[in-house]
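Quick notes on the structure that follows.
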Amino acid sequence: MSIIEDNEIQDLTAEERAELENEMASFAKEEKSRLGLDREQYTEDIHTHFTASQRAHTTLLVSGLTVAHDELVVSSLEGIGYKAEMIDVPNNEALQVGKEFGNRGQCSPTYFTVGNLVKHLIKRRDEQGMSTEDIISSCLFVTAGACGPCRFGTYVTEYRKALRDAGFDGFRVMLFQQQGGLKQATGEGVGLELNAKFGFTIVRAMIVGDVLNLLGYRLRPYEVVPGATDAAMEKSKAIIMDTFRRGGNIHLAVLKSRKVMGSVKIDRSQPKPIVSVIGEFWAMTTEGEGNYNLQRFLEQEGAEVHIQSVTNWILFMIWENKYDTEYRMELREHDDAKKGLEGTDPTKKLWGLAIGDKAIRAVFHSYAKLLGLNDHHLPNLDEIASLAGKHYDNHVRGGEAHMEVGKLIHFVEDKVNHMTVSVKPFGCMPSSGVSDGVQSLITAKWPEAIFLPIETTGDGEVNVHSRVQMMMFKARQRAVEEFKQALAEAGMDEETFKKRMKGSRRRSNPFWRPKHHYIGVAANMVHSM
Ligand code: SF4
């Protein structure tokens, strides 16, 4: 091709121009082919076809949170006419399957959760003798999704890829979005009616699961008969699940469970360190090998564990939306993007979010009161954001966003716990930046914090447990010192304290909480006398 100057183009005849354009088009084609760019654009087959007529013979597989949450979600789905089944808590076998069929370089929760679904389907096929076609036509998986900005945004694609490679091409993965409310991934099919009733049913099951779990973690460390709390939780779950299935009155079921939970005998005269578990949402929530059974391990080591509830996460999503809306209101004239505010009434939206926040808190507290979870405070998310904001920008999202930073400062400043463990999954981008980066600054500014970030890869259990044990030694010492200080301030010896504890019906009541003056429960018991 000869080189033509700009001014020469103007002098070309129509024929010469056409010839030039043809020449350029064939050159572009050759180049595309040489560079391997002449392939069809890859599009993924999205299998979400699920119609109302399929509902009666299609099982929704549920997994991803704590056992109590998953079980309650299953029974609540059954109560509104779905067939549902819970998948086991992800374990190391699931992690291996996830690594075998997943993409390289994912974060460990992706491998655990994706692998867990594939492992379950393989079991159905190889151990229960179901054909692959039957599995694909009779089951589907429901999971939460979001647009990111971390790998959470690609979970659903990971599920599809692993399922395809494991021989389950066509298996349906239904997604309800975290951002923008409950939505079906595609508009196809109305088998899964993601309406207000569905949303309320799921959210209610999660809140009840939270309340039950929180009470369980509160009682277990002090139970007189080992295993009594777990047994009471099983009974309580059975009552609530049965009510969900029958579509009965959940408030009444929770009230009945109060009797069961109240039968657990406890002795809170021993000082125990309070240890909060924070970090990446899935890794801090799961109760299995995904975090090396961290909560149970801490309890074995003598801790009272403070877990983070799913309700906190729901409240954070509402807060996020409110924060972004307020920010976007200033951009209104130019905000014509898909989720922009142009043409909408942002004040109305803010009111809606404020009502949503209040409603979630009200539902939580109503169940908490009925079950006996007294004095549990849901977080003030504006306060957490402002505490964190100076060290971690409130606009940065992904993982727990600024929450991990804000929570740690709040724990130290408001004397909430003796120690904080942050669970950071291997390969997690947001969590690594926070736990390894920003939290170093926080612990330098608040040196009294006992803070332990642990990384979960699936194969570092011994190492993680030994690091937890080392830090627990410090936390135990701190709890004992505080207890002795409380006794000294009250002018009481330990023997008298224990006698008074035994003789007090109020203090043996598993639901009664002393006022918060010290961190530990035993020290607060002393203070209450
Ligand atoms: S927060 Fe981290 S662990 Fe969780 S999905 Fe995102 S990248 Fe993975």
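This chain uses plain numbering: 1 for the first residue, then up along the sequence. We count ligands from 1, going down the list as the structure has it; atoms in each ligand are counted the same way. Below, each value reflects all heavy atoms present in this structure, side chains not excepted, and no hydrogens, waters or symmetry copies.
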Report task. Walk me through it: do Tyr292 and Phe297 pass the test ring pair (Phe, Tyr, Trp, His ring centres under 6.0 Å)? Result -> CA-CA 8 Å; Tyr292 311 121; Phe297 183 71; 9.8 Å; no
Query - Intermediate values then yes/no, salt bridge (Lys or Arg N to Asp or Glu O under 4.0 Å), Glu93 and Lys123 - result: CA-CA 12 Å; Glu93 196 188 332; Lys123 210 160 120 189; over 6 Å; no
Requested in this report: Please step through ring pair (Phe, Tyr, Trp, His ring centres under 6.0 Å) for the pair Phe411 and His306, ending with a clear verdict.
Outcome: CA-CA 11 Å; Phe411 292 160; His306 277 192; 7.9 Å; no
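Counting only distances under 2.8 Å, and ignoring water, the protein N, O or S atoms around atom 2 (Fe) of ligand 1 are Cys428 SG.
In this structure, His402 has its ring center closer than 6.0 angstrom to the ring center of Trp319.
Cation-pi geometry between Arg476 and Phe473 is not met: the NZ or CZ atom fails to fall both under 6.0 Å from the ring centre and inside 45° of the normal.
Thr285 is listed as a side-chain neighbour of Phe281, based on a closest heavy-atom distance under 4.5 Å.
Close approach to Tyr155 involves these atoms of ligand 1, each under 4.0 Å from a residue heavy atom: 5 (S).
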